[in-house]
Amino acid sequence: MRNFEIAAMFNEMAELLETKDENPFKIRAYRKAAQSLESLTKDIEDIAKQGTLQEIPGIGRELAAKIEEIISTGKLKAYEKLKKSIPAAIPDMVEIPGVGPNTAKLLYNKFKLKSVGQLEKLAKGHKICNLPNIKEKTEENILRGIELLKRSKERMPLGEALPIAIEMTGRLRSAPGVERINYAGSVRRMKETVHDIDILITSSKPKPIMDAFVALPRVRDILAHGATKSSVLLKEGIQVDLRIVEPESYGAALLYFTGSKQHNIHLRGIANDMGYKINEYGVFNGKTGKRAAGEEEESIYKFLKLSYIPPELREDAGEIEAAAKGGLPDLVELKDIRGDLHVHSEWSDGAHSIKELAAAAGKRGYEYIAVTDHSESLKVAGGLSGVELKEKIKEIRDINRKIKGLTVLAGIELDILSDGSLDIDEALLPELDIVVAAIHSGFKQGKEKLTRRIISAMKNKHVNVIAHPTSRLMGSRDAYELDFEEIFKVARETNTALEINAYPDRLDLNDINARRAKETGVAVAIGSDTHVIGQLGNMAFGVAVARRGWLEKKDVLNTLALDKLLKKIKK
Ligand code: DGT
Ligand code: CA
């Protein structure tokens, strides 16, 4: 699947065009196309083969031709040409979170920079702050941005790594000699970011499989090519390790390579106390060396007198103690989800009509979706005025009269303004079925002020859910600090739910805060924050966070039937 690769190229095109002050419509077109590609659930190469590229939202004739060029040649002439026309340091600087095309150009013109490293030195030496047109905090922001960029290059969001892992295991499954195959490591544990992808295969004839592995289409470099262990670096910059073991060791190897390391160490300790040794080949009697278990993960847990522990819980965070007592949570599953509580339509910045969204949600088997377009102050996202909101609610009521099996909830995503007030005429709120509120600006206010903003929104008797509470965007914006204990307390007192935003760059609440929310009796809503229909599928990432946070079906609002949901969120 090259969807992300092409999306990244289009995003970069947009940034490069911006440094040249090109036509803003052209720039926006590239961005829209990239967003659309990122959220596709189908492989772009398959779509191209079927000749239906232009049916993708935001892809017209010209962009379709460009996609075909990338697929067939691996390159894009327009991109190469554009890149050549700009000094190399400018695109590198634009990649730094918080550094826009204008600042990059300005810095380049002043210092004729050759690399980001040079820029870092200048910022550390306070050589930038005295320039005209440069704000006081720019130096600090540049350094923070460079740090963030370095970190984001070390770990890839699960939303990108998981489709790659699925594709690679899919391709290898049909290689000669493959018996069982699974991805392991942090991807199997559904950790929010991933350093490298681990794949495990059982076979008694490993060589042809290894040869097929290092020749897979995404491979850029072969780092190791051995008989039972190989490693490659993909074009996307992520490493993939493949290990091949004998069938009798499948369970032991899967357990070992799924980790986490801390979980494994703890299990090994339990085995030791029983007089047994546990490694990637099996469980063995410490004295006789006789094999006691190993073919299946289940049999190993059973041997250790533990109930089976789902991969998402394997962090040595109390799951082993719980498994010993038969007290593991019965984790929420994707199939328990009855609806999506955070979806945008073309009324604000979404790509589709409410009708189209309803049809897509129906296909997923949902009973309801809440269309939560932005409110007035979010101008960049096409926020709705009061008059427009009334029209939209009327449209939703009309649609509900016509469709069967699915209810569209009239919702809104309000902006929590810098003083904690909401950007809407409150008289309109009782007309809505569900009200979501979130912070979209003023991220640098500091822990206390940000906490107070959220608390004052929760105290509003119409606000049902606080969306993406920490506003983090992986790779470009860190979570701001909040006094979560205080927020959980007020959330419970006011019956306000907190969202797990399932958008792969957000995953906010994260696993740790989701677990704390449950422990403090706060309801959690999982919302996909869909802007393009394909993103409805991101719900799976939100469910993964919930599972990593030990959440059960009863802890998640949108596992409830519609009537129960509406009753439960009432304040
Ligand atoms: P990451 O950093 O996202 O790749 O995270 P993991 O958990 O995939 O870590 P990785 O790829 O270094 O190793 C894969 C699994 O192999 C890990 O989860 C547990 C196992 N493992 C690796 N090194 C050790 C070790 O020294 N001892 C034990 N017991 N297990 C290990
Ligand atoms: Ca790994």
Side-chain angles (χ1 to χ4, degrees), residues 150-169 172 180-202 213 216 218-219 221 223-224 226 228-234 236-245 249-274 276-284 286 293-294 297 300-301 303-304 306 308-320 323 474-475 504-505 507 510-512 541 544-545 547-548:
K150 280 186 196 160
R151 254 190 293 138
S152 74
K153 290 206 161 151
E154 283 162 20
R155 301 190 69 85
M156 182 182 260
L158 179 68
E160 283 174 54
L162 182 65
I164 296 175
I166 291 172
E167 182 207 298
M168 295 194 75
T169 46
L172 286 172
R180 296 170 83 176
I181 176 165
N182 216 333
Y183 51 83
S186 48
V187 181
R188 183 160 179 248
R189 301 200 312 281
M190 300 290 272
K191 207 172 150 160
E192 63 188 29
T193 61
V194 169
H195 175 66
D196 60 20
I197 297 174
D198 307 275
I199 299 178
L200 177 73
I201 287 177
T202 61
F213 172 64
L216 285 175
R218 288 167 185 280
V219 172
D221 287 312
L223 306 174
T228 56
K229 180 176 181 244
S230 295
S231 295
V232 295
L233 191 66
L234 303 185
E236 288 81 355
I238 193 165
Q239 183 176 328
V240 186
D241 295 345
L242 170 64
R243 330 221 178 189
I244 303 183
V245 299
S249 296
Y250 180 71
L254 188 58
L255 186 67
Y256 182 90
F257 293 117
T258 297
S260 68
K261 191 169 161 182
Q262 292 313 316
H263 179 87
N264 291 352
I265 290 171
H266 195 153
L267 291 184
R268 211 182 303 150
I270 295 176
N272 260 342
D273 293 345
M274 293 167 69
Y276 283 81
K277 231 178 64 189
I278 183 168
N279 58 28
E280 62 263 54
Y281 304 104
V283 183
F284 302 93
E297 277 188 333
I300 300 172
Y301 282 115
F303 183 82
L304 299 175
L306 301 171
Y308 176 78
I309 302 177
E312 294 94 328
L313 294 185
R314 300 183 194 170
E315 299 292 344
D316 196 22
E319 75 280 7
I320 294 175
M474 280 182 227
D505 288 355
L507 303 184
N510 66 9
D511 46 8
I512 290 169
F541 294 109
V545 173
R547 289 170 65 84
R548 288 180 57 83

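Sequential numbering from 1 along the given sequence is applied to the chain's residues. Only this structure's heavy atoms are used, side chains among them; waters, hydrogens and symmetry mates stay out. Numbering of ligands and ligand atoms starts at 1, following listing order.
Ligand-side atoms of ligand 1 in range of R155: 1 (P), 2 (O), 3 (O), range being under 4.0 angstrom from any heavy atom. Annotation for ligand 1: atoms under 4.0 Å from non-hydrogen atoms of R189 are 7 (O), 18 (O). In summary, the atoms of ligand 1 found under 4.0 Å from a heavy atom of T258, numbered by their order in the structure, are 18 (O). Those atoms of ligand 1 with a heavy atom of R268 less than 4.0 angstrom away are 27 (N), 28 (C), 29 (N). The ligand atoms of ligand 1 that sit less than 4.0 angstrom from a heavy atom of G185 are 8 (O). Near S260, with a cut-off below 4.0 Å to any heavy atom, the atoms of ligand 1 are 18 (O).
By the definition of a contact as any protein heavy atom under 4.0 Å away, atom 3 (O) of ligand 1 is in contact. Within a 4.0 Å radius of atom 22 (C) of ligand 1, the protein has no heavy atom. Atom 6 (P) of ligand 1 is flagged as protein-proximal [any protein heavy atom, distance under 4.0 Å].
For V187, the closest heavy-atom approach to ligand 1 does not fall below 4.0 Å. At a 4.0 Å cut-off, at least one heavy atom of K261 sits close enough to ligand 1 to count as contact. The closest approach between H263 and ligand 1 stays at or above 4.0 Å for every heavy atom of the residue.
For the pair H263 and E319, the minimum side-chain heavy-atom distance is below 4.5 Å. Here the side chains of I278 and I300 are in contact, with some heavy-atom distance below 4.5 Å. At least one side-chain heavy atom of M168 sits less than 4.5 Å from a side-chain heavy atom of L216. Side-chain atoms of L304 and Y276, non-hydrogen and from C-beta on, never get closer than 4.5 Å to each other.
In this structure, the protein non-hydrogen atom closest to atom 14 (C) of ligand 1 is F257 O, 3.5 Å. Given atom 18 (O) of ligand 1, the protein heavy atom at minimum distance is G259 CA, 3.1 Å. Regarding atom 19 (C) of ligand 1, its nearest protein heavy-atom neighbour is Y256 O, 3.3 Å.
Considering backbone and side-chain atoms together, S186 places an N or O closer than 3.5 Å to an N or O of ligand 1.
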>> Pair R314, R188 - check side-chain contact (heavy atoms from CB on, under 4.5 Å), show working.
In response: CA-CA 10 Å; R314 300 183 194 170; R188 183 160 179 248; 3.6 Å; yes

> When you look at I164 and M156, which way does the side-chain contact (heavy atoms from CB on, under 4.5 Å) test go after all the steps?
Replying inline: CA-CA 11 Å; I164 296 175; M156 182 182 260; 4.2 Å; yes

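The residue among N264, D196, I278, L158 with a heavy atom at the shortest distance from atom 30 (N) of ligand 1 is N264.
A salt bridge between R180 and E297 is absent, with no side-chain N of the basic residue lying under 4.0 Å from a carboxylate O of the acidic one. Note on E315 versus K191: no salt bridge recorded, every NZ/NE/NH1/NH2 to OD/OE distance being 4.0 Å or above.
When distances from the Ca ion (ligand 2) to the N, O or S atoms of D198 are compared, OD2 comes out shortest.
Among the atoms of D196, an N, O or S atom falls under 3.0 Å of the Ca ion (ligand 2).
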